[in-house]
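What follows is a set of notes on a single structure, which appears directly below.
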Number of protein chains: 2
Amino acid sequence: MQLKELSGQSGVAAASIKYYLREGLLPAGETVHATRAQYSARHVERLELIQVLRRTVGLNIEQIRGLLKMADDGAPRLALLAAVQRVVLDLDTAASGDVRTPAADAVVRLRNWPDYPSDARSALNVHLELMESLHIRVSRELLDTYSKAMDDVAGLDIAATTAPESVDQLILTAAVGMHMHSQLLLKLLALAQASHAIRRYEHGA
Amino acid sequence: MQLKELSGQSGVAAASIKYYLREGLLPAGETVHATRAQYSARHVERLELIQVLRRTVGLNIEQIRGLLKMADDGAPRLALLAAVQRVVLDLDTAASGDVRTPAADAVVRLRNWPDYPSDARSALNVHLELMESLHIRVSRELLDTYSKAMDDVAGLDIAATTAPESVDQLILTAAVGMHMHSQLLLKLLALAQASHAIRRYEHGA
DNA sequence: CGCATTGGATAGTGGCTCTATCCTAAGCCT
DNA sequence: AGGCTTAGGATAGAGCCACTATCCAATGCG
């Protein structure tokens with residue numbers, strides 16, 4: 001398959017594919033001659049992964065390049081997962097120190113998670129402090145509920161990524177899964193707010 | 001207070017304040033003379049609200065303008081809340097039809113929420129379908145757990161917004177609250193994933 | 001009395017993701 | 001064989017967005 005067909009199958013403009021090639025997101029096709037290259041089904045998949053990470057998850061080119069490079073360099077899954085989390089949690093900038101929030105520690109103990117420093121844990125600490133400073137109350141009970149649910153979801157997610165077919169799958173599952181669950185909660189909260197508001201404002205007043 | 005001091009107090013560059021004035025995000029100061037204007041503490045608060053909506057929640061200028069205009073026009077709280085939800089849920093584009101997903105209906109019944117069409121509900125429907133199409137399983141139990149938690153949170157949120165001091169407060173609570181809770185879940189999920197992954201990949205292999 | 005500041009207008013910046021143009025080399029089709 | 005199409009390579013431009021900077025005449029304040 002050559003560039004034009006790759007463009008057709010993936011729905012990405014040919015010029016954009018060239019751009020991705022230039023930026024190193026997409027590996028070069030197999031060069032048959034100086035002016036002819038062959039692309040494979042792998043390229044189509046790669047392109048689809050790129051699209052999801054761009055459009056759905058909202059990563060930028062540099063972040064995607066980093067993740068794909070790690071995947072192609074055969075980085076260990078654990079490191080890859082950590083990298084995915086770093087970009088999805090947007091930790092490029094705030095390279096958070098090792099803040100300790102009692103609430104976050106409590107969560108780890110409660111869930112019987114390994115007591116291990118991680119970017120995710122730092123991020124949780126920072127976030128809980130931010131919410132505190134904005135006067136958004138987060139009760140122990142709520143954290144309990146959330147973390148229990150996340151424990152269940154993560155169990156499934158990680159189990160799904162052990163199937164070793166493709167490392168791309170790990171990126172997809174972790175990044176898209178995180179994003180989708182977070183968005184799901186957003187929508188449920190909106191619906192809950194709307195429901196409470198209707199009760200209060202319409203029936204009450 | 002004049003422009004320079006307003007800039008100092010709010011930490012926003014004077015040129016940016018002018019930009020916000022031009023864009024209609026910030027009401028003009030009281031014109032004393034043709035070349036002198038007085039700004040008040042209200043302007044400082046407004047500016048802070050704008051900053052939070054921009055930097056933290058990530059709304060764009062047009063979205064913020066819309067919300068502030070509604071607030072200033074004395075729109076009813078219910079309408080304002082709906083507007084906040086529309087922008088935070090990013091529903092400008094996908095003006096979703098009235099899709100019906102059994103799962104979403106089940107949530108509404110389960111929580112005993114009023115059976116009322118709303119943008120939030122449409123968004124939930126669309127999102128559940130999207131997750132389905134991406135093969136991300138969402139069990140009834142998980143939806144139950146999430147929605148119960150959101151019911152509790154929303155109860156507090158909405159109660160907080162009935163204090164009628166300021167409509168700005170409603171915008172802040174609704175928008176920031178939604179965003180912060182969603183991000184909290186993201187971080188918890190990351191931590192949960194990391195914890196499961198450590199168990200599986202380190203101890204297992 | 002002159003410096004600083006204002007509103008108003010307009011233009012420029014910088015980051016980002018594309019998208020378009022131009023070029024030569026070379027295979028494919030008839 | 002000859003022309004159409006496509007490849008790669010390089011470079012430039014577009015379009016969006018949120019600022020940021022510059023210039024201006026008017027004018028109050030110290």
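Chain letters run A, B, ... following the sequence lines, proteins first, then strands; residues in each count from 1.
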Closest-nucleotide ordering on DNA chain C, the 5'-leading residue of A:Ile61 and B:Tyr39: B:Tyr39
First locate atom [atom1] of [X], then atom [atom2] of [Y], and finally report the distance between them rounded to the nearest 0.5 Å.
{"X": "A:Gln63", "Y": "A:Leu67", "atom1": "CD", "atom2": "CG", "result": "7.5 Å"}
{"X": "B:Ser16", "Y": "B:Glu23", "atom1": "OG", "atom2": "CD", "result": "11.5 Å"}
{"X": "A:Gln183", "Y": "B:Leu130", "atom1": "CD", "atom2": "CG", "result": "9.5 Å"}

Using atom [atom1] of [X] as one end and atom [atom2] of [N] as the other, report the distance to the nearest whole Å.
{"X": "B:Leu21", "N": "C:dG7", "atom1": "CG", "atom2": "P", "result": "7 Å"}
{"X": "B:Met1", "N": "D:dC29", "atom1": "CE", "atom2": "P", "result": "17 Å"}
{"X": "B:Glu30", "N": "D:dG28", "atom1": "CD", "atom2": "P", "result": "16 Å"}
{"X": "B:His33", "N": "C:dG7", "atom1": "NE2", "atom2": "P", "result": "12 Å"}
{"X": "A:Lys4", "N": "C:dC28", "atom1": "NZ", "atom2": "P", "result": "16 Å"}
{"X": "A:Lys18", "N": "D:dA10", "atom1": "NZ", "atom2": "P", "result": "11 Å"}
{"X": "B:Tyr19", "N": "C:dT10", "atom1": "OH", "atom2": "P", "result": "17 Å"}
{"X": "B:His43", "N": "C:dT6", "atom1": "NE2", "atom2": "C1'", "result": "14 Å"}

Ignoring the backbone of [X], work out which of [options] is nearest its side chain.
{"X": "B:Leu3", "options": "D:dG8, C:dG7, C:dT19", "value": "C:dG7"}
{"X": "B:Gln2", "options": "C:dA11, C:dT5, C:dA26", "value": "C:dT5"}
{"X": "B:Tyr20", "options": "D:dC19, C:dC18, C:dC28", "value": "D:dC19"}
{"X": "B:Arg22", "options": "C:dT17, D:dA26, C:dT10", "value": "C:dT10"}
{"X": "B:Arg36", "options": "C:dC18, D:dG8, C:dA4", "value": "C:dA4"}

D:dT20 phosphate, OP1 or OP2, under 4.0 Å from B:Ser16 side-chain N/O: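 It does, given that an N or O in the side chain of B:Ser16 lies less than 4.0 Å from OP1 or OP2 of D:dT20.
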Near [X] [atom1], under 6.0 Å, is it more than 12 heavy atoms from other residues, nucleotides or ligands?
{"X": "A:Glu62", "atom1": "CD", "result": "no"}
{"X": "B:Glu132", "atom1": "CD", "result": "no"}
{"X": "A:Glu30", "atom1": "CD", "result": "no"}

B:Leu6 backbone acceptor or donor facing B:His43 side chain under 3.5 Å: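 Not a single qualifying donor-acceptor pair exists.
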Sugar-phosphate only, base, or nothing, as touched by A:Ala15 at under 4.0 Å among non-hydrogen atoms: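 Base: the residue A:Ala15, judged by heavy atoms under 4.0 Å, touches a nucleobase.
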Sub-4.0 Å heavy-atom contacts from residues 46-57 of chain B onto DNA chain D, ordered by number: B:Arg54, B:Arg55
